[in-house]
Q: 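Here you go, one structure.
Computation of the quantities below employed the complete heavy-atom set of this structure, encompassing side-chain atoms and omitting hydrogens, waters and symmetry-equivalent molecules. The sequence lines fix the lettering, A, B, ..., with proteins before strands; numbering per chain opens at 1.
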Amino acid sequence: LLPNLAARTCDTKKCPRIKGVALASLVVSLLIPAFTIAQTSEQQIEISFRAGQAALKEGHFVRATEEFKKVLSLDPTLLEAQVNLGLAYQSLLDYDAAARYLTHALRERPNLSGLNVIVGMDYIKLGSPQKAAPYLEHALKLDPSSRDAHDAMALYYLTQENLQGAVAQYREVADLDPDKPGALFKIGHQYLDLAARLAYRGARLYPDSPWGHRFLGDMLLERGRWEDAGHEYQKALAIDPHQPGLHTVLGESYLQCGNCIRCLANRTSKVEKSTTQKRNFARNSSSIRGMSEPCSAWQTFNWQKGRCRKRSPRWKQYGDTLPSI
Amino acid sequence: LKAHPEFPSLVAGKENAQACIATLLDQPEEPAKHFLLSALYASLNESALSERESQSFQNDLTKWQQSHAAAQLHSDPHSCKLHLYSQCIAAIEKLKPVTWSAHLQLGKTYFTLQQYQRAAEELSKVHGDQIANSETSYWLERTYQALGAESYAQLEASFPDSWRTHQLRAEGFALRRDRDNAIKEYQAALHLRPDEAELHEALGEFYLDNRSDDDAQRELAKAVALDPSRTKTLYLLGRLYVLDNENEKAVPFLRRALQLQPNLNEASGLLGTAYVRLGQFADAVPSLEKAAQLDHFGNIHYQLYQAYRKLGRTELAQKALARSQDIRRSSLERDQALVMGSPQPEPDSQ
């Protein structure tokens with residue numbers, strides 16, 4: 001199957017679980033040390049706190065913030081209210097306010113793994129990945145099996161252009177994911193996203209490089225856009241006529257779009273001398289001769305007899321399915 | 001020099017240092033000359049000159065390391081050029097130090113051996129010159145593609161009847177513009193997983209890309225009903241309505257998508273476009289400015305031009321128009337859009 005290189009940033013395919021971290025499960029219940037607060041205040045705190053919790057539960061997040069602010073005005077040190085106020089802001093997608101209250105709470109109670117992930121994600125969304133890193137590292141230290149934390153860490157690495165760092169996190173997530181088909185699907189897409197990201201970066205950093213045109217040609221070839229692919233390979237060749245393998249792929253694009261004369265011209269180019277390239281030449285040339293199917297991997301095309309013949313055992317030994325480099 | 005504190009320090013008077021410099025400048029080019037010049041300039045507090053010489057020294061050293069590594073490789077009769085890959089790897093791994101060119105060669109060799117993880121690791125270590133980096137970038141792209149394809153092959157082989165496999169097949173058909181089979185596979189996936197918002201979203205996007213707007217609307221509405229916080233679904237609904245010139249309908253979806261994911265540039269661009277069409281030029285500008293950095297087709301800059309012009313900001317309007325025209329002349333941006341899988345420009349966006 002052809003890969004889909006449609007780029008995905010942190011959208012629903014990458015961050016569903018992070019986004020879906022059950023905020024409700026993080027909502028902290030009220031445990032008020034009774035001796036520290038006068039009876040009246042205590043009652044007011046309890047009433048507002050419970051109202052805030054109820055509002056959170058019902059999805060009335062603005063009301064929840066109001067109630068928790070009331071609590072904090074009576075007792076600014078009440079950690080539970082800070083956490084819940086932060087979570088209410090999180091639900092309102094006010095990441096700045098959420099991070100402010102949640103980091104405050106984490107200073108008091110740093111071992112709340114889920115909150116560390118949320119704060120880390122908030123900082124990434126706010127465009128401050130450097131601030132996110134310590135929270136995500138701490139979250140992973142607290143719970144190395146947290147897929148949310150690994151997902152978030154992968155995003156952090158992407159902001160740092162550390163693609164292999166992101167890969168390591170993707171693999172952790174895939175290993176931890178009990179839904180194996182889903183894990184394979186996701187990691188497949190993640191790899192393709194990385195390829196697209198690199199290609200995009202390459203196009204900006206090396207605008208005159210033949211490799212960029214070659215990659216674009218490869219992508220077009222995979223999509224069956226033979227002629228467009230051929231144009232890209234030609235651009236690459238114009239810049240570097242001696243790049244190994246380039247004439248092969250250009251020939252393939254011509255072949256696919258039916259331009260056999262140009263295909264042959266390229267296939268017989270002097271720069272194509274490796275065994276693998278000869279194999280490609282033979283395989284594709286068989287199509288030129290009007291054969292319904294090209295020779296198989298273990299056959300080669302005999303020009304004199306105009307048909308496929310078995311390859312020597314040495315071919316099998318070295319595995320000529322290897323691509324050309 | 002700071003990196004080599006083991007070098008003994010010596011006291012060189014100003015005049016001595018200047019005399020040494022004069023002598024050295026007449027000497028042939030070689031690393032030692034630059035090394036000494038760097039030190040002498042540093043002793044005279046000529047930081048810029050010292051830095052320049054230090055850089056020349058580093059460049060010479062790197063060149064020497066590369067040629068040394070190449071000579072070592074060349075001296076091995078069973079080297080990489082003969083396609084004897086295991087021996088090639090063994091030869092490279094003996095090199096000390098392993099230079100970036102060796103990492104590149106190793107990466108390509110592992111790629112050829114279909115050991116893609118190792119290939120990616122080696123290629124990630126290459127920090128060479130511009131030409132090498134562009135080649136490395138290509139091979140790393142291909143490596144990640146191959147890793148993706150490996151995962152898909154494993155999915156297909158191990159779980160041929162899972163809804164994910166049907167989804168993957170559908171994407172493959174969609175990519176090859178095989179509309180009928182793509183829809184068939186999406187529907188097979190949905191048969192197994194009818195309440196999966198992601199599937200409805202994917203099918204909706206496919207319909208949208210093929211301009212079956214009613215079908216797209218139906219599927220995307222299902223997706224958003226199943227999961228109201230799916231950023232991509234919200235963005236796609238916004239895109240659908242912008243394409244259909246129902247800009248008022250588009251705005252809330254795009255705003256919500258941007259609340260969930262503030263860095264979603266595509267949504268910013270569309271939101272700005274919707275505002276321009278609604279005559280809300282002041283609202284449009286921040287969204288368009290944000291999206292302008294990823295303007296593949298010049299349309300965002302064109303919208304910016306319109307917004308600035310209506311707001312009386314003539315100079316900015318002219319700049320935006322010029323940039324829009326530049327982008328349209330450049331195939332690079334279109335190529336990038338293809339790589340990133342960006343949607344094609346809207347027909348009426350000038």
Q: Closest heavy-atom contact between B/Ser151 and A/Leu184?
A: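 Result for this residue pair: CB-O, 3.7 Å.
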Q: Any chance you could measure A/Lys180, atom NZ, to B/Gln154, atom CD, to the nearest 0.5 Å?
A: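 Atom-to-atom, A/Lys180:NZ and B/Gln154:CD are 9.5 Å apart.
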Q: Sub-3.5 Å donor-acceptor pair from the side chain of A/Tyr191 to the main-chain atoms of B/Glu150, do we have one?
A: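 Side chain of A/Tyr191 to backbone of B/Glu150: no pair is present.
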Q: Just so I know, are the side chains of A/Lys125 and B/Asn263 near enough to count as touching, which here means a heavy-atom distance under 4.5 Å?
A: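 Counting from C-beta outward, A/Lys125 and B/Asn263 never come under 4.5 Å.
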Q: A/Tyr89: what forms a ring pair (Phe, Tyr, Trp, His ring centres under 6.0 Å) with it, not counting sequence neighbours?
A: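 Scan of A/Tyr89 (ring pair (Phe, Tyr, Trp, His ring centres under 6.0 Å), adjacent residues dropped) gives A/Tyr101.
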Q: Please list, chain by chain and in numerical order, all residues satisfying ring pair (Phe, Tyr, Trp, His ring centres under 6.0 Å) with B/Tyr138, sequence neighbours excluded.
A: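 Testing B/Tyr138 for ring pair (Phe, Tyr, Trp, His ring centres under 6.0 Å), a comparison that skips the adjacent residues, returns A/Trp211.
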Q: Testing the basics here: between A/Leu198 and B/Ser137, what is the closest heavy-atom pair and its distance to 0.1 Å?
A: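 That closest heavy-atom pairing would be O-OG, 3.8 Å.
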Q: As an exercise, state the distance from CZ of B/Arg176 to CZ of A/Arg225, rounded to the nearest 0.5 Å.
A: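 Going from the CZ atom of B/Arg176 to the CZ atom of A/Arg225 covers 15.0 Å.
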Q: State the CZ-CG distance between A/Phe185 and B/Leu168, to the nearest 0.5 angstrom.
A: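 Interatomic distance, A/Phe185 CZ to B/Leu168 CG, rounded to 0.5 Å: 6.0 Å.
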Q: Would you give the length of the straight line joining atom CD of B/Glu141 to atom CZ of A/Arg201, rounded to the nearest 0.5 angstrom?
A: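 If I round to the nearest 0.5 Å, the distance is 9.0 Å.
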Q: Measuring heavy-atom distances to chain A, does B/Ser134 have an atom under 4.5 Å in its side chain, in its backbone, in both, or in neither?
A: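 B/Ser134 touches chain A through backbone and side-chain heavy atoms alike.
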Q: Which heavy atom of A/Gln164 sits nearest to which heavy atom of B/Ala120, and what is that distance?
A: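 The answer is OE1-CB, 3.5 Å.
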Q: Can you name the nearest heavy-atom pair linking B/Leu260 to A/Tyr95, along with the distance?
A: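 Minimum heavy-atom separation between B/Leu260 and A/Tyr95: O-OH, 3.1 Å.
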Q: Picking from B/Gln259, B/Glu135, B/Arg177, which has the most non-hydrogen pairs under 4.5 angstrom with chain A?
A: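 With the most close heavy-atom pairs to chain A, the winner is B/Glu135.
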Q: Can you name the nearest heavy-atom pair linking A/Tyr200 to B/His296, along with the distance?
A: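 Minimum heavy-atom separation between A/Tyr200 and B/His296: CE1-CE1, 3.6 Å.
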Q: If you take all heavy atoms of B/Tyr144 and A/Leu194, which pair is closest and at what distance?
A: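 Closest pair (atom of B/Tyr144, atom of A/Leu194, distance): CD1-CB, 3.8 Å.
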Q: Nearest 0.5 Å please: distance from the CE atom of A/Met219 over to the CD atom of B/Gln145.
A: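 One gets 7.0 Å once the value is rounded to the nearest 0.5 Å.
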Q: Which bit of B/Asn265 comes within less than 4.5 Å of chain A, counting heavy atoms only: side chain, backbone, both or neither?
A: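 Neither the backbone nor the side chain of B/Asn265 comes within 4.5 Å of chain A.
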